[in-house]
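Take a look at the structure set out below.
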There are 2 protein chains.
Amino acid sequence: MKTDCRNCPLRRLEVFHPMSTSEVDFMRKFKMGEMAVEAGTPILSEGGNAPQIYTVLSGMGLRAKLTECGRRQVINFVFPGDFIGLQAGVMGEMTHSVEASTEMTLCVFDRKAIWQVFREHPERAFDLTWLAAIEEHFLGETLLTLGQRDALQAVAWALHRIARRGLSLGLMEAGVMPLPYRQQDLADALGLSLVHTNKTLGKLRDRQLATWAESVLRIHDVGGLAELAMVENDAPMRRPLI
Amino acid sequence: MKTDCRNCPLRRLEVFHPMSTSEVDFMRKFKMGEMAVEAGTPILSEGGNAPQIYTVLSGMGLRAKLTECGRRQVINFVFPGDFIGLQAGVMGEMTHSVEASTEMTLCVFDRKAIWQVFREHPERAFDLTWLAAIEEHFLGETLLTLGQRDALQAVAWALHRIARRGLSLGLMEAGVMPLPYRQQDLADALGLSLVHTNKTLGKLRDRQLATWAESVLRIHDVGGLAELAMVENDAPMRRPLI
DNA sequence: CGGTGAATTGATGTCAGTCAAGGAGGGTGG
DNA sequence: CCACCCTCCTTGACTGACATCAATTCACCG
């Protein structure tokens, strides 16, 4: 039922910093339970002030903000190992919402326990800050993409980043991984129209770089994708897992 | 020469959380010195791993990332009270650079002292995380702007945000504040061309909303600006000062 | 079998980028 | 004191990338 932190499948991945057994024990105490949600479920909502924070054990979702005029900006995609609700945890209010794109299972923590972490486990508190800093880093990259890359480069960049993440999480095998989003989600993430996103995906397919269809992403040429997106093709930075 | 934290002029502003005298004493110990830089000086550079971190005492600057192909994305503008170098502090590497747009004076802290903060002053460590979280919030807003607003709305949004910040920092008097950037900086922040930014500023002037010339920003109609930018016209959230 | 949500494709329009030229101010050196 | 650069701002003309509109197909489902 409830996955024991000692057997957490994520912690075995090498993208994540190793944890001492005492740290794991602390996390176990800190973990309130597990939550399973269906695809489409809102997990945290913008402006909300939920008493719980989560880390993703499995499944995928997305963070997004809505404008009054009905438009939507996808902030980023949520993958296993991601921590959700840090903003609510420290600032008392979410400034974006998070929703599930597939079934997800989440580890649930009590928001108030964050204080306890800062008082009793400075190393873990440091890790929280690390996560926030790395999040800032990723948002900066995204900003660079929206501001400076054209549609083809932007889509290439997005698929490349997703592929690297998938690889580091063991979701990808032989250049193939599940990618259960709609084209509209990618369009909203890159500030492009659905139609243009579709046509741009077509170009990447024609160029034999990547194919995304029926919720499956196939990377045919990582190097070419990276080159087009003008990014390095190196592995993502190791990071803490909460 | 060196401003004593006990007399820090910024701490008196109500945007910042009040600090107990013991907290102020700790910050004093933590502060290594003060640095004055000229306009145009790079303070931290992308990929760098500086041993120092800073908070801005006076002056303005900007954070930016560069692409290989010579383009530039301005991440945001740096104002008094801003903390610089958190990424280097926790992750060991800056993912954007920071440079001065005017003369600036910076409080200098030792990067290694961050650890000490986490061990000895959990409340201050919490504040650091708060800062990271609020930064994430701002980047999310910017992302929304680049992705979903057209040029006129985007420029209005940027000027509105700058004006709110200026007001909360006491830089603005009667709708007028110094804004010592180039139009190119704003263009690079919004992902627009210099030419189009210029023309868009012209439209805002014609509409009697705001005028920005000769490094001075004049807001003629905050409400109208907020409405055009589709944002609330409320005061910025109070935040910690490090 | 109708209905709904997603992907696809073509036709048309427009917002913003690019190119080009000129002007205003400030600094430097003859 | 004037000629010269240099940086930044300004404006007009042209172009193109991307948005919008519209129609079709397909899969899934009650």
Side-chain angles (χ1 to χ4, degrees), chain A residues 38-40 60 62 67 69-74 99-102 145-159 178-206 210-218 228, chain B residues 38-40 60 62 67 69-74 99-102 145-159 178-206 210-218 228:
Chain A
E38 310 249 307
M60 297 184 187
L62 44 81
T67 64
C69 57
R71 298 177 67 98
R72 181 178 76 145
Q73 175 68 39
V74 169
E99 73 171 61
S101 295
T102 66
T145 296
L146 295 220
Q148 312 299 332
R149 298 193 232 259
D150 65 24
L152 189 63
Q153 294 170 329
V155 173
W157 172 85
L159 295 185
L179 192 62
Y181 298 99
R182 293 166 303 154
Q183 293 186 359
Q184 184 71 62
D185 295 326
L186 182 61
D188 287 345
L190 298 174
L192 299 171
S193 69
L194 169 62
V195 173
H196 199 64
T197 302
N198 179 295
K199 288 171 180 166
T200 306
L201 283 167
K203 280 186 198 165
L204 289 180
R205 197 181 321 119
D206 294 345
T211 306
W212 176 31
E214 285 143 23
S215 296
V216 174
L217 175 64
R218 288 163 216 277
L228 178 56
Chain B
E38 309 249 305
M60 298 184 184
L62 44 82
T67 63
C69 57
R71 299 176 67 100
R72 182 179 76 146
Q73 176 69 37
V74 168
E99 74 173 58
S101 295
T102 65
T145 296
L146 295 223
Q148 311 300 332
R149 300 195 231 258
D150 66 25
L152 190 63
Q153 294 170 329
V155 173
W157 171 84
L159 295 186
L179 192 63
Y181 298 99
R182 292 166 304 155
Q183 293 185 0
Q184 184 71 61
D185 296 326
L186 182 61
D188 288 346
L190 298 175
L192 299 171
S193 70
L194 169 61
V195 173
H196 199 62
T197 303
N198 179 295
K199 288 172 180 166
T200 306
L201 284 167
K203 280 187 197 161
L204 290 180
R205 196 181 323 118
D206 294 344
T211 306
W212 176 31
E214 284 141 26
S215 296
V216 174
L217 174 64
R218 288 162 215 277
L228 177 57

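For the numbers below, each heavy atom of this structure counts, side chains included, while hydrogens, waters and symmetry mates do not. Lettering of chains follows the sequences in order, A, B, ..., and the numbering in each one begins at 1.
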Between [X] ([atom1]) and [N] ([atom2]), how many Å, whole number?
| X | N | atom1 | atom2 | answer |
| --- | --- | --- | --- | --- |
| B:K203 | D:dT10 | NZ | C1' | 15 Å |
| B:L190 | C:dG17 | CG | P | 10 Å |
| B:R182 | D:dC9 | CZ | P | 8 Å |
| A:L179 | C:dA6 | CG | C1' | 15 Å |
| A:Q148 | D:dA17 | CD | C1' | 16 Å |
| B:Q183 | D:dC8 | CD | C1' | 8 Å |
| A:E214 | C:dA7 | CD | P | 10 Å |
| A:L146 | D:dA19 | CG | P | 12 Å |

message: Working note: A:L62 + A:D188, criterion side-chain contact (heavy atoms from CB on, under 4.5 Å); need CA distance, chi angles, decisive distance, verdict.
response: CA-CA 11 Å; A:L62 44 81; A:D188 287 345; over 6 Å; no
Side-chain touch A:L146/A:L190, heavy atoms, less than 4.5 angstrom: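 A:L146 vs A:L190: side chains touch.
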- request: Give a yes/no answer on whether the side chain of A:Q184 brings an N or O atom under 4.0 Å of OP1 or OP2 in C:dA7.
  value: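 A:Q184 to C:dA7 OP1/OP2: no side-chain N or O under 4.0 Å.
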field: N/O (side chain, A:N198) to phosphate O (OP1/OP2, C:dT8) under 4.0 Å
entry: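 For C:dT8, OP1/OP2 do have a side-chain N/O of A:N198 under 4.0 Å.
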Side chain of [X] (C-beta onward), nearest among [options]:
| X | options | result |
| --- | --- | --- |
| B:A151 | D:dA19, C:dA16, C:dT18 | C:dA16 |
| A:V195 | D:dC9, C:dT18, D:dA22 | D:dA22 |
| A:K199 | C:dT9, D:dT11, D:dC9 | C:dT9 |
| A:D150 | D:dA22, D:dC18, C:dG17 | D:dC18 |
| B:L194 | D:dT10, C:dG17, C:dT8 | D:dT10 |
| B:S193 | D:dT10, C:dT18, C:dA7 | C:dT18 |

- request: Could you list the residues that satisfy side-chain hydrogen bond (donor to acceptor under 3.5 Å, both in side chains) with A:N198, not counting sequence neighbours?
  value: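 By the side-chain hydrogen bond (donor to acceptor under 3.5 Å, both in side chains) rule, A:N198 matches A:Q183.
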task: Keeping the roles fixed (side chain from A:T102, backbone from A:M60), state whether a donor-acceptor pair exists under 3.5 Å.
output: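 Yes.
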- prompt: Under 4.0 Å between a Lys/Arg side-chain N and an Asp/Glu carboxylate O for B:D185 and B:R72?
  reply: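 So B:D185 pairs with B:R72 through a salt bridge.
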